[in-house]
Amino acid sequence: MKVAILQSGNNGFFPQFYNNLSSTLISKGHEIALFSPRTGVNHRTQLNGQIFWGGRLNWHIHNLLYNITGIKDVYSTLDTLNLIQKLSKFQPDIIHFHVIGEGILNLPLLIQYLSRKNIPIIWTMHDCRAFTGGCPYFDEISCDKWKTGCGKCPDTQYRSSRIDGTSLQWKIMKSSLTKLKNLTIVTPSKWLHDFVKQSFLKDYNCKIIYNGIDQYPFINANGTKLRESLGLTNKKVILGIAANWTARKGLDTFKYLASSLSDDYKVVLVGTINEEIPNIIKLPQTSDIKKIAAYYSMADVFCNPTLADNFPTTNIEALSAGTPIVTYSTGGSPEAIDCETGIVVEKGNKQMLAEAIKIICMSSEKYSRQLCLKRSQRFGMSQYDEYVSLYQKILNNIE
């Protein structure tokens with residue numbers, strides 16, 4: 001079986017996902033190739049089996065046209081033909097989409113080719129942009145225009161163009177994607193699955209496969225020395241991890257916690273913060289998995305006050321290190337935990353979240369490391385076996 005992966009950028013969770021999926025497929029005797037646009041970030045983080053297509057200049061031209069018109073994913077014709085040529089040469093049995101709608105290809109042209117060839121497609125949706133006018137998340141502002149057609153977009157944080165082309169963009173996505181004859185959608189959360197089933201993609205088969213990680217580094221982590229080096233031996237440590245700390249990631253909530261909790265507690269944030277915040281220990285982002293695991297291990301509670309998210313990997317990393325979680329009821333974030341491994345509170349309710357942190361820190365036996373580790377087993381490498389099984393079922397016309 002030959003599997004072609006389409007993904008726009010080698011950043012965030014994707015490299016970890018791809019490496020785990022790739023190793024699973026290869027161990028079972030299958031072949032995999034990653035098709036990525038030729039952009040700076042992709043060249044800086046090259047992955048095994050990566051095949052580049054297109055050119056950086058055309059990528060810049062595409063985004064310039066988007067800024068002028070408010071419409072994306074309809075340009076880059078030559079680059080898309082280059083991708084089609086390389087796909088034809090590879091001759092995949094299955095094509096697996098991930099994030100593709102980032103101003104890198106001519107989506108209608110690609111869909112036309114795939115429909116003509118009738119190659120089975122699996123699309124793992126990591127956010128909502130496939131069935132909206134371009135926004136990855138809309139629940140933060142409680143918008144439901146995507147159900148009938150976008151336009152007059154109330155949220156500009158995800159749009160770099162001054163032109164509101166969301167109505168036409170939504171129509172283009174609907175017209176293109178509903179032409180696919182052999183599409184199976186996968187979502188990493190029930191939250192996103194339910195939205196898909198309310199969208200113009202509702203008639204397609206949609207399955208839930210939660211994200212999985214290699215848990216070994218987290219299970220075997222020991223954060224005692226790190227805790228001592230930071231002077232936190234006698235503190236209740238509240239940990240947050242993000243690449244870049246913004247309001248959407250919950251930075252305002254951590255500011256509240258740092259100013260309102262007693263001196264018995266200490267907030268530690270890992271990632272980029274572009275401001276000075278009193279009473280918060282800031283640690284730099286790192287790619288060292290052992291150090292990341294030690295961060296989780298030293299914490300008494302992992303706090304995830306995200307305001308828009310699908311299924312945060314940080315939650316399952318925390319569980320795999322035996323650390324309980326407090327999170328807002330945002331997206332698929334609550335789906336990682338149960339009543340024995342964390343507490344979910346109303347989104348945006350900072351006072352309630354602070355109380356939940358106190359409960360966990362005072363009830364270490366109830367929210368034990370053993371229970372967290374047991375829960376984390378649902379999100380291990382076996383998740384990638386589910387993808388291989390799904391590929392085979394589709395090729396055998398079982399699905």
Salt bridge between Glu276 and Lys282, side-chain N to carboxylate O under 4.0 Å?
yes

Side-chain donor-acceptor contact under 3.5 Å, Thr341 with Asp338:
yes

Taking only distance into account, with no hydrogens and no angle test, what donor-acceptor pairs under 3.5 Å do side-chain atoms of residues 117-125 form with protein atoms, sequence neighbours excluded?
| from | atom 1 | to | atom 2 | distance (Å) |
| --- | --- | --- | --- | --- |
| Trp123 | NE1 | His98 | O | 2.8 |
| Thr124 | OG1 | His96 | NE2 | 2.7 |
| Thr124 | OG1 | Tyr387 | OH | 3.0 |

Evaluate salt bridge (charged side-chain N to carboxylate O under 4.0 Å, His left out) for Lys28 paired with Asp385, printing each intermediate quantity in order.
CA-CA 10 Å; Lys28 297 177 183 295; Asp385 291 323; 3.5 Å; yes

Taking the six-membered ring for Trp and the full ring for Phe, Tyr or His, determine whether the centres of Phe131 and Trp170 are under 6.0 Å apart.
no

Taking atom types as modelled and ignoring hydrogens, do the side chains of Ser88 and Tyr113 form a donor-acceptor contact shorter than 3.5 angstrom?
yes

Parallel, tilted or perpendicular: which one describes the rings of Phe311 and Phe379, with boundaries at 30° and 60°?
tilted

For the aromatic rings, using the six-membered ring if either is Trp, is the centroid distance between Phe195 and Phe138 under 6.0 Å?
yes

Would you call Arg227 and Asp300 a salt bridge, taking side-chain N to carboxylate O under 4.0 Å as the test?
yes

Is there a path of hydrophobic side-chain contacts, each under 4.5 Å between heavy atoms of I, L, V, M, F, W or Y residues, that connects Phe17 with Val99?
no

Under the salt bridge (charged side-chain N to carboxylate O under 4.0 Å, His left out) rule, what do Asp288 and Lys290 come out as? Steps first, then yes or no, please.
CA-CA 6 Å; Asp288 185 337; Lys290 291 184 178 179; over 6 Å; no

Lys72 vs His62 side-chain heavy atoms within contact, under 4.5 Å
yes

Is the number of heavy atoms from other residues, nucleotides or ligands within 6.0 Å of CD (Glu275) greater than 12?
yes

Distance-only check: which donor-acceptor pairs under 3.5 Å involve side-chain atoms of residues 262-269, not counting sequence neighbours?
| from | atom 1 | to | atom 2 | distance (Å) |
| --- | --- | --- | --- | --- |
| Ser262 | OG | Asp264 | N | 3.3 |

Compute whether any side-chain donor of one residue and acceptor of the other, for Gln16 and Thr313, lie under 3.5 angstrom apart.
no

Side-chain donor-acceptor pair under 3.5 Å between Asn58 and Ser76, yes or no?
no

Please determine whether side-chain contact (heavy atoms from CB on, under 4.5 Å) holds for the pair Gln50 and Phe35, giving the CA-CA distance in whole Å, both sets of side-chain angles, and the decisive distance to 0.1 Å.
CA-CA 6 Å; Gln50 190 160 13; Phe35 292 79; over 6 Å; no

Are Lys358 and Glu355 within salt-bridge range, i.e. N to O under 4.0 Å?
yes

Kindly give the cluster partners of Leu65, where membership spreads through any ILVMFWY side chain lying under 4.5 Å from a current member.
Leu57, Ile61, Ile71, Val74, Tyr75, Leu168, Ile172

